[in-house]
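For reference, the structure is listed below as structure tokens.
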Amino acid sequence: MTRVLSCIQPTGVVHLGNYLGALRNWVSGQHECDAFHGIVDLHALTVTDRPGVVGPSTLELAATLFAVGLDPEVATVFVQSHVPEHSQLGWVMECTVSYGELSRMTQFKDKAAKREADFVSAGLFTYPALQAADILLYDANEVPVGEDQRQHVEITRDIAMRFNSRFGDTFVVPKVVTPKAGAKVTDLQEPTAKMSKSSSSEAGIVYLLDEPAAIMKKFKRAVTDSDGEVRFDRAQKPGVSNLVEILAACTGKSPTDVAASYTQYGPLKNDAGQAVIELLTPIQHRYRELMGDRAELSRLLRVGADKARAVASRTLQRTYDNIGLLPLD
Ligand code: TYM
């Protein structure tokens, strides 16, 4: 059975890009695959400088993952810091990736530039090594992510192949999987930039927990262009194409078919907003229910941590054995 692994950071509220680019596909894939999904709280430390923030976000994100439909009986949902093997293999990965490779990662360059005068941690730079550990620990065949994570999966493949050639066959070399529609949802106010938790303005971001009226308002105010033609063309018409693609992702149609059924921007904005509201309303109900039972959430995360550790500890041991570290007799 195909093993799938993908993770999300507990930084800020989950948005429509996370949902259409990743979470929805985790849910649809969980019954055909052996699915592992992590809330990567240690990754969030690369940009955390206050106490008491990451823990509550982690719990809220766990409720969100179950609310979108991950079934704890089927998929393994765990918190990264509950599985210490991530940090342990992370170090091995740091020793298997080069400084030059890390320097070429576009996310590091973007994030470091955005932080400007802020503290840029070494962890932000070595982040892809920890992400490689997340993936390789689980012998994942596939990593379902949004387009922005492609480079991270590619570097993971390079690291896995390098390690295997140095120390013998140890890791499964994973492949990236992105959705047909929704792999890069862009900001409704700035349609050439991806919808991102770290955007400066909230007007262009649709949060999973936004009220219906707020969602509709954001869609009605979405930036388009002045030529008045509905066409799917990301390069020439980023705003309109984003709305078309969101509607396509919600309805299961192709972006070209969606574009062909509209002649005006108003109805397109309205229908995209409506489709998103219909998709998110049941998720919001389930989220509130789940957040009302913290003990159950903790129990589910314990079950997930135990299942994750059973796999991760075997891979870590295999890694140490293949390197030839001295065992403790
Ligand atoms: P994160 O937490 O930023 O995002 C989680 C998932 O959401 C996708 N995504 C998007 N998809 C489409 N359009 C968007 N605007 C959009 N924004 C985010 C991301 O591609 C991702 O799939 N480094 C990762 C977390 C991570 C990880 C891993 C992922 C750590 N270890 C191992 C996969 C496997 C990140 O920061 O994702």
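Just follow the structure's listing: the first ligand is 1, and inside any ligand the first atom is 1.
Of the protein's non-hydrogen atoms, Q149 CG, 3.9 Å is the one closest to atom 21 (C) of ligand 1. Of all protein heavy atoms, the one closest to atom 31 (N) of ligand 1 is D134 OD2, 2.6 Å. Of the protein's heavy atoms, D148 OD1, 2.4 Å lies nearest to atom 20 (O) of ligand 1. When only non-hydrogen protein atoms are considered, atom 2 (O) of ligand 1 lies nearest to Q9 N, 2.9 Å. The shortest contact between atom 7 (O) of ligand 1 and any protein heavy atom is with N18 ND2, 3.1 Å. Taking atom 6 (C) of ligand 1 as the reference point, the nearest protein heavy-atom neighbour is A22 CB, 3.7 Å.
Listed by number with element, the atoms of ligand 1 under 4.0 Å from a non-hydrogen atom of K197 are 2 (O). Every atom of ligand 1 is numbered from 1 in the order shown, and the set under 4.0 Å from a heavy atom of A183 is 11 (N), 12 (C), 13 (N). Near L5, with a cut-off below 4.0 Å to any heavy atom, the atoms of ligand 1 are 32 (C), 34 (C).
Here M195 has heavy atoms under 4.0 Å from ligand 1 in both its backbone and its side chain. With a heavy-atom cut-off of 4.0 Å, H15 touches ligand 1 through its side chain alone.
The pair D110-K194 fails the salt-bridge criterion, with no side-chain N (NZ, NE, NH1 or NH2) lying under 4.0 Å from an Asp/Glu carboxylate O. We find that E154 and R157 are not joined by a salt bridge, their nearest charged nitrogen and carboxylate oxygen being 4.0 Å or further apart.
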